[in-house]
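Inspection log for the structure reproduced underneath, given as structure tokens.
Below, chains carry the letters A, B, ... as their sequence lines are ordered, and counting in each starts from 1.
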Amino acid sequence: MSEKILLIDDETEFLEIMAERMQNRGMDVTTVSSPKEALAKVVDETYDAIIVDLMMPEMDGLQTLKALKKINPDVQIIMLTGHATVEKGIEAMKLGAMDLLEKPADMNSLSEKIHKAKARKMILVEKKTEEKIKNIISSKGW
Amino acid sequence: MNGQIEGLGNAGLNYFGSMSASIAHEIKNALAITNENAGLMEDLSLMAIKSGQPLDPERISRLSGKIMDQIKRADSIVKKMSRFAHSVDDPVKQIDLAEILELTLDLGRRSAQAYGVTLEPVKCDVPVSVQTNPFMFMNLLWLVVKSACKRVNSDKKLELALSKDQQVVKITIINLESLDQAKQTQQKDEASIRQEEEIVNIASFLNITVDMAQDKKIIFTLP
């Protein structure tokens with residue numbers, strides 16, 4: 001099954017071209033150019049990975065990361081940055097980002113991180129399903 | 001350290017640092033798009049080899065056109081960066097005011113977006129030149145524009161107009177909220193108090209009057 005990705009960046013040309021390259025690799029990509037649109041998408045949809053630009057107008061990447069995690073704590077976020085400082089990177093990881101990649105990004109490294117994100121998400125989903133089943137069994141007393 | 005650098009003070013170093021970071025980010029964005037376009041050309045070539053289908057020449061031409069656009073974009077950013085870097089060369093210099101206003105706004109455009117504000121091109125009817133310290137003038141203008149971004153009116157477009165009337169040169173920032181509205185919406189934190197102090201200090205050093213107490217506008221009067 002293909003990876004379902006949400007790509008957030010205010011540079012629309014970057015979004016278009018990245019989406020095409022990711023689709024060529026069999027990924028199912030949705031693009032949005034503002035964090036607000038992204039937050040609306042995440043309420044209704046689940047994604048294997050969300051790729052977020054660290055510096056955007058309106059709301060920066062770290063604020064977006066916090067807001068996305070608030071809606072869905074299990075969401076796997078990869079931060080993309082034009083000027084990574086060590087402090088920002090540490091802050092992003094502390095806030096729950098899965099990984100950080102510097103622009104211009106290498107497509108092979110990004111694809112690898114997306115695969116890892118999907119695997120992590122599947123483990124989390126499996127754990128939650130297991131817990132749900134355990135809860136049902138214990139509450140019914142079968 | 002020479003006198004010129006000491007004269008920049010903390011406000012100057014902050015300005016130099018934040019503009020340099022913003023320029024670096026813009027260049028990185030241009031490089032990222034160039035990288036993806038080149039990457040897509042490589043993808044298409046590999047797909048063509050694999051499938052035995054020829055490459056679409058129009059597609060390749062469009063992609064190389066996009067790469068050239070990004071090279072032009074990066075080149076324009078680097079030219080502005082070079083003009084900005086050379087603004088510290090001379091303590092006093094004759095400057096074209098419209099040009100330096102445009103450069104200051106171009107450099108600050110991305111930072112203004114963080115406030116959701118668009119900086120409109122400068123309105124100027126006559127060419128005006130003045131003798132001043134170019135870097136400190138840009139620093140002063142940016143500090144005032146940044147402060148104005150917090151009290152811009154609901155259309156979120158900040159406009160600057162340059163005028164000269166009988167040797168009196170004025171720069172007017174318009175499209176601001178009334179002072180009463182601004183008092184209600186703005187909180188005076190430590191950073192904004194420090195910013196106001198920096199504006200007063202640099203304006204006094206450059207002998208420029210900055211009247212921020214006007215309703216719906218800010219007026220600079222140059223010597």
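- Both the backbone and the side chain of B/N37 have a heavy atom closer than 4.5 Å to some heavy atom of chain A.
- In this structure, CD on B/E36 lies 12.0 Å from CD on A/E11, to the nearest 0.5 angstrom.
- B/I67 CD1 to A/I17 CD1: the interatomic distance, rounded to the nearest 0.5 Å, is 8.5 Å.
- Shown here is A/M93, whose CE atom has more than 12 heavy atoms of other residues, nucleotides or ligands within 6.0 Å.
- Within 6.0 Å of atom NZ in B/K170, 12 or fewer heavy atoms from other residues, nucleotides or ligands are found, so the atom counts as exposed in its surroundings.
- Considering all non-hydrogen atoms of both residues, B/L40 and A/R21 come closest at N-NE, 3.5 Å.
- Counting heavy-atom pairs closer than 4.5 Å to chain A, the top residue among B/T34, B/L44, B/N29 is B/N29.
- When the shell of 6.0 Å around NZ of A/K69 is examined, it contains more than 12 heavy atoms from other residues, nucleotides or ligands.
- For the atom pair A/M55 CE and B/R110 CZ, the distance stands at 5.0 Å (nearest 0.5 Å).
- Looking at B/I27, neither its backbone nor its side chain comes within 4.5 Å of chain A, counting heavy atoms on both sides.
- No part of A/D60 comes within reach of chain B, as not one of its non-hydrogen atoms sits under 4.5 angstrom from that chain.
- Of all non-hydrogen atoms in B/A32 and A/P104, the two that sit nearest each other are CA-CB, 3.9 Å.
- Between A/E20 and B/R59, at least one side-chain nitrogen of the basic residue sits less than 4.0 Å from a carboxylate oxygen of the acidic one, meeting the salt-bridge criterion.
- Of the atoms belonging to A/M56, it is backbone heavy atoms, and not side-chain ones, that fall under 4.5 Å from chain B.
- Chain A forms more heavy-atom pairs under 4.5 Å with one residue of B/G39, B/G116, B/A112 than with any other, namely B/G39.
- Ion pair B/R62/A/E16 not flagged as a salt bridge, since none of the NZ, NE, NH1 or NH2 atoms sits closer than 4.0 Å to an Asp/Glu carboxylate oxygen.
- For the pair B/K28 (side chain) and A/K103 (backbone), a donor-acceptor distance under 3.5 Å is present.
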